[in-house]
Amino acid sequence: MAQAAISYPTRDEVDFVVVGSGASGGIVARELAAAGHSVVVLEQGPHLQAADFRHDEWAYDFNNELTWGTSKGNPQTFRKTENDVAELRETVCGYAHNVGGSSVHFSGNFWRFRPIDFMEASVRGRIPGTTFSDWPIRYEDLEPYYTRVDWEVGVSGLQGPWDPPRSREYPCPPMPVKGSDVLLERAAKQMGLTAYPAPVAILSQPHNGRPGCIHCGFCNGYGCEVDAKSSSMAAMIPQALASGNCELRTGCTVARVETDDGGRVNEVVYFDGDGVEQAQRTRAAVLCANGAETPRLLLLSESSRFPDGLANSSGKVGKNLMFNGSCSSSGLFEEPVNAWKSIPTTRVVHDYYELDPNLGFYGGGGIDGRHPSRGAPMLFGLLSGARTGTPSWGSEYKRNLAYQFSHIASFDGHTTSLPVESNNITLDPNYTDDFGRAAIRCTYMDHVDDLATMAWFLERTNELMEMAGATNIQGGYPENGQEGNVHLLGTCRMGDDPNESVVDATNRAHDVPNLFMVDGSSLVTGGRGQPTMTIMALAFRTADLINQAAQRNEI
Ligand SMILES: Cc1cc2nc3c(=O)[nH]c(=O)nc-3n(C[C@H](O)[C@H](O)[C@H](O)COP(=O)(O)OP(=O)(O)OC[C@H]3O[C@@H](n4cnc5c(N)ncnc54)[C@H](O)[C@@H]3O)c2cc1C
């Protein structure tokens, strides 16, 4: 698709500035531009294309070429509690800084939330130490937009036995099952469970002008070399640009969102690729910078009118950060199972979506089949010696590596994460980035129920491994609490009460009528571990509601 190169002068007022071009930003840009609005997308990273991506483990797994952390001039700090001094880390809130954001290098597991996810607090009741709440919208409100993600972004799958109702079938059939996942399926059956085709944002066959997957094995942490992965870079940005109404400005790092005397957004201040400060005038702004960068930007945008940060009269900006929990069991099989091949996972067990309340803790999740090193031989090579106590160099090392790499599989649990106010993103008082912006400081300690859920899932993944016939089974979960994640959720939560939430049920800021937050930050609960399908559905819904409001002159 040819890129229509429209360019808007910064002094001219555009209809919308979209900050960030990731999973949510790409959709919002496409939808607003296709409706005829003038749109400027400000993205801090470069516009990579499929041809730029390589099977280069050194670049992606070790040198973090796609991600954005301390060594790239964007320091992040971490502490477990507000009483601790935060320590500098390479990455705490991990994400890719390029057009398409983390949808470029994610694994693409695309689970819809279920009806229960939107109303679980009223079903389960209060959970001490948390701000566990119902959403102000229901599954039915989002279903048409989930279906738009399926068809317009591109999802492969098959309606499973417990899936929520859908108004339309998946556009692409499920991906072929991997050898290792056949073992998961058999083990699950023996335990009275059902493993069914994993829904993924990867095309199993050509769709919307993009090709089907070539099963190269480099998905998780890598960009797709053939555009079969349904990133917003591959699926949405080309259409936004083709509308002729959207200008994509890359290498542009947003520093502040400014407001006029009436408290309305009037311009977005950013550093361009040469580090020169610019300001784009706009009628409205949509923040899609993710669950860590959006609250940071709002806190950086304090002013005399908004002394605690923009849109923060509730004091909730940055709070209620949710990561999702996880566990993993891996084991060796007698025959090669080649879990590294093809896409990260082809089967998922969802029997434990909601755990029995009688267990004494809240939780739930799903289990899928994986390779323990995400299919990366070098990364695996460094781990395999430690696993079996074999040498980490020489011919025996090579023999073991070749054997273990193809004979190993893991079964991973992906679990709930409760919203806790003291888990948050704030501005670090000691560190700044290359532009002088205060660094992200992350404070996080998993709620006791989240730890119990991970431990419970680990017992199940170990059982499944054993049932599948594996030996040398090893498993674990972050028993002392997570110290970082790539799921960044809840920090500008949605709600009807302006004292308890940052955006309303249409993703519009309670405090600022022409400001919207549409990324992972608006989620009220974190689902069961794969939030991006819901982030994208919310992006379609918000754009739709913005377009309707604009028609009524209500932005
Ligand atoms: C390795 C990996 C695997 C994953 N696997 C899965 C999975 O299987 N399933 C799933 O559901 N989720 C997965 N995720 C999570 C998923 O990628 C995120 O949930 C999703 O991308 C978040 O979308 P977003 O729109 O909120 O933000 P992002 O996709 O992170 O996009 C934010 C964009 O904003 C830009 N930006 C930020 N700040 C600024 C600024 N100040 N100025 C200009 N631009 C800015 C960033 O550069 C980025 O491009 C994975 C993530 C990673 C990293």
Side-chain angles (χ1 to χ4, degrees), residues 78 80-81 92 109 111 116-117 120-121 123-132 184 187-188 190-195 320-331 345 347-372 383 386-387 408-420 422-423 442-468 470-487 489-490 525-531:
F78 179 79
K80 279 194 191 296
T81 74
V92 180
N109 283 304
W111 307 351
I116 185 68
D117 284 298
E120 207 167 8
V123 174
R124 286 294 303 256
R126 242 189 103 249
I127 299 178
T130 76
T131 54
F132 193 39
L184 171 60
Q190 281 172 281
M191 284 172 61
L193 310 171
T194 308
N320 299 307
L321 174 66
M322 294 172 286
F323 275 165
N324 288 137
S326 63
C327 68
S328 181
S329 303
S330 60
T345 186
R347 285 291 180 273
V348 59
V349 175
H350 265 155
D351 299 72
Y352 303 128
Y353 202 83
E354 290 171 67
L355 296 185
D356 185 346
N358 294 320
L359 284 169
F361 57 88
Y362 159 83
I367 296 171
D368 58 16
R370 306 255 178 150
H371 188 278
L383 302 173
R387 176 183 188 89
I408 201 166
S410 72
F411 297 158
D412 293 3
H414 309 274
T415 58
T416 38
S417 203
L418 283 159
V420 174
S422 53
N423 288 340
C442 174
T443 306
Y444 200 91
M445 182 59 210
D446 291 286
H447 187 270
V448 61
D449 284 17
D450 297 340
L451 293 171
T453 302
M454 290 189 249
W456 191 92
F457 269 80
L458 181 63
E459 286 172 20
R460 302 294 84 70
T461 52
N462 279 336
E463 281 168 16
L464 279 162
M465 259 297 144
E466 217 166 292
M467 196 64 86
T471 57
N472 200 327
I473 298 170
Q474 296 183 13
Y477 73 96
E479 291 175 38
N480 299 320
Q482 301 181 77
E483 302 201 355
N485 206 308
V486 295
H487 295 178
L489 312 169
T525 55
R528 266 60 184 172
Q530 312 298 346

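Side chains are part of it too, since the values below use all heavy atoms of this structure and drop only hydrogens, waters and symmetry mates.
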Reported [atom1]-to-[atom2] distance for the pair [X] and [Y], which is rounded to 0.5 angstrom:
| X | Y | atom1 | atom2 | result |
| --- | --- | --- | --- | --- |
| L489 | N320 | CG | CG | 11.5 Å |
| W456 | L359 | CH2 | CG | 6.5 Å |
| E466 | F411 | CD | CZ | 12.0 Å |
| L458 | T453 | CG | OG1 | 12.5 Å |
| L418 | F361 | CG | CZ | 11.5 Å |

Is [Y] close to [X] at the side-chain level, that is, under 4.5 Å between some pair of heavy atoms?
| X | Y | value |
| --- | --- | --- |
| Y362 | H447 | no |
| R528 | E354 | yes |
| I367 | Y352 | yes |
| F323 | P478 | no |
| W111 | D368 | yes |
| Y444 | V92 | no |
| L451 | M445 | yes |

Please report the closest heavy-atom contact between [X] and [Y], naming both atoms and the distance.
| X | Y | result |
| --- | --- | --- |
| L321 | C442 | CD2-SG, 3.7 Å |
| M467 | M191 | CE-CG, 3.6 Å |
| T194 | D351 | N-OD1, 3.1 Å |
| R347 | T345 | O-OG1, 3.2 Å |
| G366 | F457 | N-CE2, 3.9 Å |
| I408 | H371 | CG2-NE2, 3.5 Å |

Note to self: Can you confirm whether N480 is buried at CG, in the sense that more than 12 heavy atoms of other residues, nucleotides or ligands lie under 6.0 Å from that atom?
What the structure shows: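 No, CG of N480 has 12 or fewer neighbouring heavy atoms, counting only those of other groups under 6.0 Å.
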Note to self: Restricting to side-chain contact (heavy atoms from CB on, under 4.5 Å), what partner residues turn up for A188, sequence neighbours left out?
What the structure shows: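 Listed in chain order: L193, A195, V349, L464.
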Next item on the list: Name all residues meeting the side-chain contact (heavy atoms from CB on, under 4.5 Å) criterion together with S328; count only those two or more places apart in sequence or in a different chain, and write none if there are none.
Entry: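 Result, side-chain contact (heavy atoms from CB on, under 4.5 Å) vs S328: S410, D412.
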With distance as the sole test, does [X] use its side chain to make a donor-acceptor pair with the main-chain N or O of [Y] at under 3.5 Å?
| X | Y | result |
| --- | --- | --- |
| N324 | H414 | no |
| T415 | G365 | no |
| H487 | M322 | no |

Next item on the list: Verify the distance criterion only: is there a donor paired with an acceptor across the side chains of T461 and Y477 at less than 3.5 Å?
Entry: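 Not at all, the side chains of T461 and Y477 share no donor-acceptor pair under 3.5 Å.
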Checklist line | Residue pairs involving residues 442-460 (criterion salt bridge (Lys or Arg N to Asp or Glu O under 4.0 Å); sequence neighbours excluded) | finding: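 Checked against salt bridge (Lys or Arg N to Asp or Glu O under 4.0 Å) - neighbours excluded - the pairs reaching residues 442-460 are R460-E463.
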